[in-house]
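Order of the sequence lines sets the chain letters (A, B, ...), proteins ahead of strands, with each chain counted from 1.
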Amino acid sequence: MLELRNLSVHFDVSKRGKGKTIVRAVNGINLNIGRGEAVALVGESGSGKSTVGKAALRLVDTTDGHILLDGVDITHLERGRQMPLRRKAQMVFQDPHSALNPRMNILRSVAEPLILHTALRGQALTRRVIELLEIVGLQAQFLYRYQHELSGGQKQRVCIARAIALNPDLLVLDEPTSALDVSVQAQILEFLKTLQSDLGLTFLFISHNLAVVRYLCSRVAVMYLGRIVEEGATETVFTTPKHPYTQALLSAVPWPEATQPKGHAPLVGDIPSPVNPPSGCSFHTRCPFARERCRAEAPTWRALAPDHLVACHFAEDLAAS
Amino acid sequence: MTDQPLLSVRDFRLEFDTFDGVYRAIDGVNFDLIPGESLGIVGETGCGKSVTAKSILGLVPTPPARVVSGQILYNGEDLLTVGEERLRALRGVEIAMIFQDPMTYLNPVFTIGQQLVDVILAHQRWRPSEQRLNRAQARDHAIDMLSRVHLPNPERQLDAYPHQLSGGMRQRVLIAQALSGNPRLLIADEPTTALDVTIQAQILDLIAELMGEFDLSVILISHDLGVVASLCQRVVVMYAGQVVEDASVTRLFSEPGHPYTQGLLKAVPHPGRAASTLSGIPGTLPNLYDPPAGCRFQSRCAHAMPMCTTVPPLYAVADGQRVACHLHAPEASRAGVA
Amino acid sequence: MAELTKEAHELTVSLDWRERHVSTIRMLRLYARTFARNGSAMLGLGLVLLFLTTAAIGPYFVPFPDDATGSVHIERKLQPPDAVHWFGTDEVGNDVFTRVIVGARVTLQIACIITGVAMLIGIPLGMIAGYMGGWVQEVIMRITDVFLSVPGLMLAIAIVGALGPGIVNAMVALSLVWWPGYVRLVQAKTLSLKNEIYVDAARSMGAGSLRIVFVHLLPNCTSPIIVKASMDMGMAILGAASLGFLGLGAQPPFPEWGAMISVARTYLPDWWWYSFFPGTAIVITVLGFNLLGDGLRDILDPKHRE
């Protein structure tokens, strides 16, 4: 469904007369998402996971590499020819409060993609919007409300209604529940799960919340500083993580129960700046197992098992120890 | 260590006078904090956990807020009535607070050192004159504090501006600032919510370490049950301005007593277990401008019964677990209702 | 996919105007209540309403309609205020009351045209500059800066000087110096709004730049524009009056307040009423618009609210 080949996104944030400053947000990543799959992209802030999502929908320009949607290369599709792409792939954003235009009522907000892409107008348009609201579990009474009158969960439902208005195949969900309370998050996650199986949607789910990812997604890719360091079936990665970063990340998440996970040794230091990523393996500055080779040579992206890829020189040794 | 509570919040009620009417933010909150204990207060948006915490230090502006009733006793002294002058003497020296977003609590135009030293000097006013530090000693103390929160190169960081530090380092600076007056109670309001998980783990470890080092008691406010579980011994669960459950961490996660706590635990996805089903809590928060009579959770509760229209007291269940739900009422008073 | 229930159908069809706009009505009510509590804003609103009413219906009820366009009644020149001529008469015997009332309509027209033209030029330029960024923004903003660096009235005087005095030319000149303020305001607002997520969302749905600018961004800029426009009405009246006073705007006997004072000033202080009443009219109207603008800012721009 979606294929990212060696995708890089760099942002030029140079200020006049201060030399060149380039943020290497995404640095040569490869990811294949099959039809009907729910794939998670996890990482901390600055890992570039949101940029990947935006690049996949051509909301930011790619520096290098290719994006294939349904086998069609959309990397350099011009503005005017992006309409079919917009019908096929839609996005749900993190903060539902700012993702809805405060001056538009719910009817107008949800109708926007329909106005842009279909000939539906007037009563027929209203009817379709009511239909969409019913799918996401909202009643028609919300039609003429404005976003500030809705709760966070209701707003996110409206955003989802808007995203599925054109029956897209691919939904990019950028931290859709991180602004919500847990009881509401659970409702939205449950709903997304049913939505995915009912409509046969493909999800690219971007999140920093590992627990949410484990619940919703079948495959997971872990990003660190613009690179994917580990990818595989969710259960494999969560139970037998091979990359030291994945291991640290998993052990850093506190469990909602009285006994905490063992082997809890927090990573030292901060995430380096994507302006100046470290040489070699970008994780070597914080890796408890770093050796000489890690500083000099970037690890290759290789398969440990058919569906378990990792970018670490010593993945096997670490697993053995 | 005695069992005399360090802090005791009793029947605290607070309202906000707003344009749309009276917002009943806090309605009868009760809990105690034993010296040396770390207490978590959890709840979702609008449950009143932050307002409760800020009230302890008198940081809720009045008006619009108005204390209706209750006491907040710190070592037997009622913080709600001692007055601003006394509160200033307590802030930082006896009770300190850290906040969610470290950037907004550091002034961007002053260096870390200037801000730390200023806070330390401000505390000197409340000390006996022979123990007061001068500026140079305050600077040494600042360096000492920064090294105790494990900020690398503390001497160099004194001259750094807040924007030059990462989020995790800023939170360390704020913790150093909060602990510089050697307080006995630290109130941490969502201290790790703005941070990444690996950094969150560092900060939580740091707070746990400092609790021993400084003989601190901690109140940790969080929406994240995992964070509370990893740091706290006891948890107070709040819902819509009321305490619904007060229990030890062990008890809370194994035998949650209140239907709301049970619902919350079923709603949190578990990072350590394979996907099971999640269930959200249906419905929304009650309107706090016009709250329902009795239990505020009744409209969302699967066990709601006629008795719920009367306010449930905190029934003692077991092991110091107290639950504000009529399901736990002694059999005698429930006779004929169930 | 969920079947659309029949009730939902009927619900939307049966919704009347009031139910559809319940949110808007509630919001307007809140605005009205906030506004009503603000004494000076209410005073401003009162003054502006008085001015608007006068401009709308005043000319039909004036006692000496002919005097507005300048007739000559030498026999009753420069009479002090009395029961017949409430504001006295001028040097050719025209009723000052009549001329001030008719002047209100003239003034309103001038102010509306100046502010309107300035908005028509300034808002699109500001939105384009803010949204496009890059060299387009540089060009637009630098031109704006050039205009803003010269005192507005001086520039207007220079332009009228080149075009020749007259009410139309004065309006053209004032409009030309007035738009840069709107460019600045709208550009700054657009700059902050274009990073809002709903703009990204609109782009991800395939909305083009023009649609984003005018459908998604413009409605969110209206609050500061309304506030500025309200203040500018007052300033435009003052500007037009200044040009009239300098003899570059409306020419006597055209009943424009500034032009009236221009002639009347030579009759001070003995025939004070001749300049006093047009002057008072200007002060009250400008004050009214400024107070109204302040009040509107209080309700529309919560950042300034206490």
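Both the backbone and the side chain of Gln202(B) come within contact range of chain A, judged by heavy atoms closer than 4.5 Å. Contacts between Arg172(B) and chain A at a heavy-atom distance below 4.5 Å are absent for every atom of the residue.
To the nearest 0.5 Å, the span separating CD1 on Ile199(B) from OG on Ser45(A) amounts to 8.0 Å. Between the CG atom of Asp196(B) and the CG atom of Leu267(A) there is a distance of 11.0 Å, given to the nearest 0.5 Å. To the nearest 0.5 Å, atom CH2 of residue Trp255(A) and atom CG of residue Leu225(B) are 15.5 Å apart. Taken to the nearest 0.5 Å, the CG atom of Asp224(B) stands 8.0 Å off from the CG atom of Asn209(A). From Asp181(A), atom CG reaches atom SG of Cys47(B) across 8.5 Å, with rounding to the nearest 0.5 Å. For the atom pair OG1 (Thr284(B)) and CG (Leu150(A)), the distance works out to 11.0 Å, reported to the nearest 0.5 Å.
At a threshold of 4.0 Å, the pair Glu257(A)-Arg273(B) counts as salt-bridged, since one of the basic side-chain nitrogens sits closer than that to a carboxylate oxygen.
The two residues Asp270(A) and Met169(B) come nearest to each other via the heavy atoms OD2-SD, 3.3 Å. The minimum heavy-atom distance linking Ala211(A) with His270(B) is given by the pair CB-C, 3.9 Å. Of all heavy-atom pairs between Ser183(A) and Ala267(B), the closest is CA-CB, 3.9 Å. Contact between Ala258(A) and Thr250(B) at its shortest, heavy atoms only, is CB-CA, 3.7 Å. The nearest pair of heavy atoms linking Val197(B) to Ala252(A) is O-CB, 3.7 Å.
Shown here is Arg156(B), whose CZ atom has no more than 12 heavy atoms of other residues, nucleotides or ligands within 6.0 Å. Atom CD of Gln233(B) has more than 12 neighbouring heavy atoms from other residues, nucleotides or ligands inside a 6.0 Å radius.
Pro254(A) has its side chain within reach of Gln200(B): a pair of non-hydrogen atoms, C-beta onward, lies under 4.5 Å apart. Between Val182(A) and Glu44(B), some side-chain heavy-atom pair lies under the 4.5 Å cut-off. Residues Pro256(A) and Pro271(B) meet the side-chain proximity criterion, which asks for heavy atoms closer than 4.5 Å.
Counting heavy-atom pairs closer than 4.5 Å to chain A, the top-ranked of the candidates Ser279(B), Gly272(B), Ala229(B), Ser166(B) is Gly272(B).
If you check the side chains of Glu44(A) and Thr198(B), you find a donor sitting under 3.5 Å from an acceptor.
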